[in-house]
Amino acid sequence: MGYLSVPCSNSVKPGSGSLFSLLSLTVNLLAIVILSRRKCGLSTCTTHYLVAMAMADLLFIITEVILYRIIYYYFPGSFLHITPVCSVIVILCRAATDCSVWFTITFSFDRFVAICCQKLKTKYCTEKTATVVLTTTCILFCSRNVPMYFISEPRSIINNLPWGCYIKPSYFTEPRWVGYDWFDKVLTPLSPFVLILLLNALTVRHILVASRVRKRLRGQRKGENHSDPEMESRRKSLILVFTISGSFIFLWLVNVLEFLYYNIAGRDPRYYNNSEYIFHQVGIMLLNLSCCTNTFIYGATQSKFREQVKSAVKYPVTSITQLINKLKN
């Protein structure tokens, strides 16, 4: 049995979707602008990964939240209800989700190399490598979602035009689609779960060992408090990586548990009871929430990012004040 958690499925009507989409658009656009200016004290390759993650989240908001959950519900009969159009939206939404998840993985791996593999760091942690990795990841996951176009069927045919976008019943029974559904969930998010936990565990182990070695070399003893710029830099980098990866694990956990539940228990998601349906919707809500968390993480962990946000907020007020003063003079 397989189940598909994608847009154009039967889901609850978005009550505060407009406010959520506005907030998400604002914070992600703000993050893209601030990070692109490269004044946050981050390396070039790190900036590339963070900007790519914000752009993937932004695409997810546009496709899943705005095009589907707001316009699809509040503007019935629009061209978005035509079967081929909403099928394309499904592909874009799934591609944005995959890219957001796997950009997080590539970023975690980049930081793992930077911290734990000093010989490889000079070759791998570069702007060129980051561009190649992000571009390749984007192409691969956009391509792998193309089959999603063929899982939908129209609800009705009006004037020879197919309307509606519903999952074919055969998706839940045919071995090829069941296998594709397992492959889909293993690729996102089961594999990222394992990879993030593994990378974080190896990184922590390396830092603990390196910390003990550096303390011995620097002749530190208990009670002494010598600053170590190298370890401080690693600590800040580690906080950023752990916060982003921890947020990913928390926000995807319900979705993963539901996937395991309906496969192990043999439950058909189309016939969930109220409790199961609520659990499913909570998983969807948390996935949607994940598209705007990284910006808040940057603000919580990066002091220079907070400074840039304050400058961006103050800029319009300062500009208007200066304009008013010029007009008075």
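Heavy atoms only: backbone and side chains are in, while hydrogens, waters and symmetry mates are out.
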K.L.:
Show every donor-acceptor pair shorter than 3.5 Å between a side-chain atom in residues 313-323 and any protein atom, with sequence neighbours excluded, or say none if there are none.
P.N.:
from   : atom 1 : to     : atom 2 : distance (Å)
Thr318 : OG1    : Lys314 : O      : 2.9
Ser319 : OG     : Tyr315 : O      : 2.9
Thr321 : OG1    : Val317 : O      : 2.8

K.L.:
Restricting to side chain to side chain donor-acceptor pair (under 3.5 Å), what partner residues turn up for Thr136, sequence neighbours left out?
P.N.:
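Partners of Thr136 by the side chain to side chain donor-acceptor pair (under 3.5 Å) criterion come out as none, since no residue qualifies.
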
K.L.:
Name all residues meeting the side-chain contact (heavy atoms from CB on, under 4.5 Å) criterion together with Pro154; count only those two or more places apart in sequence or in a different chain, and write none if there are none.
P.N.:
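Scan of Pro154 (side-chain contact (heavy atoms from CB on, under 4.5 Å), adjacent residues dropped) gives Thr83, Ile157, Pro162.
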
K.L.:
Could you list the residues that satisfy salt bridge (Lys or Arg N to Asp or Glu O under 4.0 Å) with Asp110, not counting sequence neighbours?
P.N.:
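None.
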
K.L.:
Apply side-chain contact (heavy atoms from CB on, under 4.5 Å) to Thr44 and list each qualifying residue two or more places apart in sequence or on a separate chain.
P.N.:
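Checked Thr44 against side-chain contact (heavy atoms from CB on, under 4.5 Å); matches are Arg38, His48, Glu127.
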
K.L.:
Applying side chain to side chain donor-acceptor pair (under 3.5 Å), can you list everything that pairs with Arg155, at least two apart in sequence or on another chain?
P.N.:
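Checked Arg155 against side chain to side chain donor-acceptor pair (under 3.5 Å); matches are Tyr166.
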
K.L.:
With Phe242, which residues qualify under ring-ring contact (aromatic ring centres under 6.0 Å, His included), at least two apart?
P.N.:
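ring-ring contact (aromatic ring centres under 6.0 Å, His included) check on Phe242 returns nothing, list empty.
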
K.L.:
May I have the list of side-chain donor-acceptor pairs in residues 102-109 shorter than 3.5 Å, sequence neighbours left out?
P.N.:
from   : atom 1 : to     : atom 2 : distance (Å)
Trp102 : NE1    : Leu187 : O      : 3.2
Trp102 : NE1    : Thr188 : OG1    : 3.1
Thr104 : OG1    : Ser100 : O      : 2.9
Thr106 : OG1    : Trp102 : O      : 3.2
Thr106 : OG1    : Phe103 : O      : 2.8
Ser108 : OG     : Thr104 : O      : 2.9

K.L.:
Excluding sequence neighbours, so at least two apart, what forms ring-ring contact (aromatic ring centres under 6.0 Å, His included) with Phe193?
P.N.:
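In terms of ring-ring contact (aromatic ring centres under 6.0 Å, His included), with neighbours along the sequence ignored, Phe193 is linked to Phe248.
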
K.L.:
Going by side chain to side chain donor-acceptor pair (under 3.5 Å), name the residues that satisfy it together with Tyr261, two or more places apart in sequence or in a different chain.
P.N.:
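Checked Tyr261 against side chain to side chain donor-acceptor pair (under 3.5 Å); matches are Glu276.
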
K.L.:
Identify, with sequence neighbours excluded, every residue that meets salt bridge (Lys or Arg N to Asp or Glu O under 4.0 Å) alongside Glu174.
P.N.:
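With sequence neighbours excluded, Glu174 shows a salt bridge (Lys or Arg N to Asp or Glu O under 4.0 Å) to Arg176, given in chain and number order.
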
K.L.:
Can you name the side chain to side chain donor-acceptor pair (under 3.5 Å) partners of Ser43, sequence neighbours left out?
P.N.:
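Ser43 satisfies side chain to side chain donor-acceptor pair (under 3.5 Å) with Thr46 only.
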
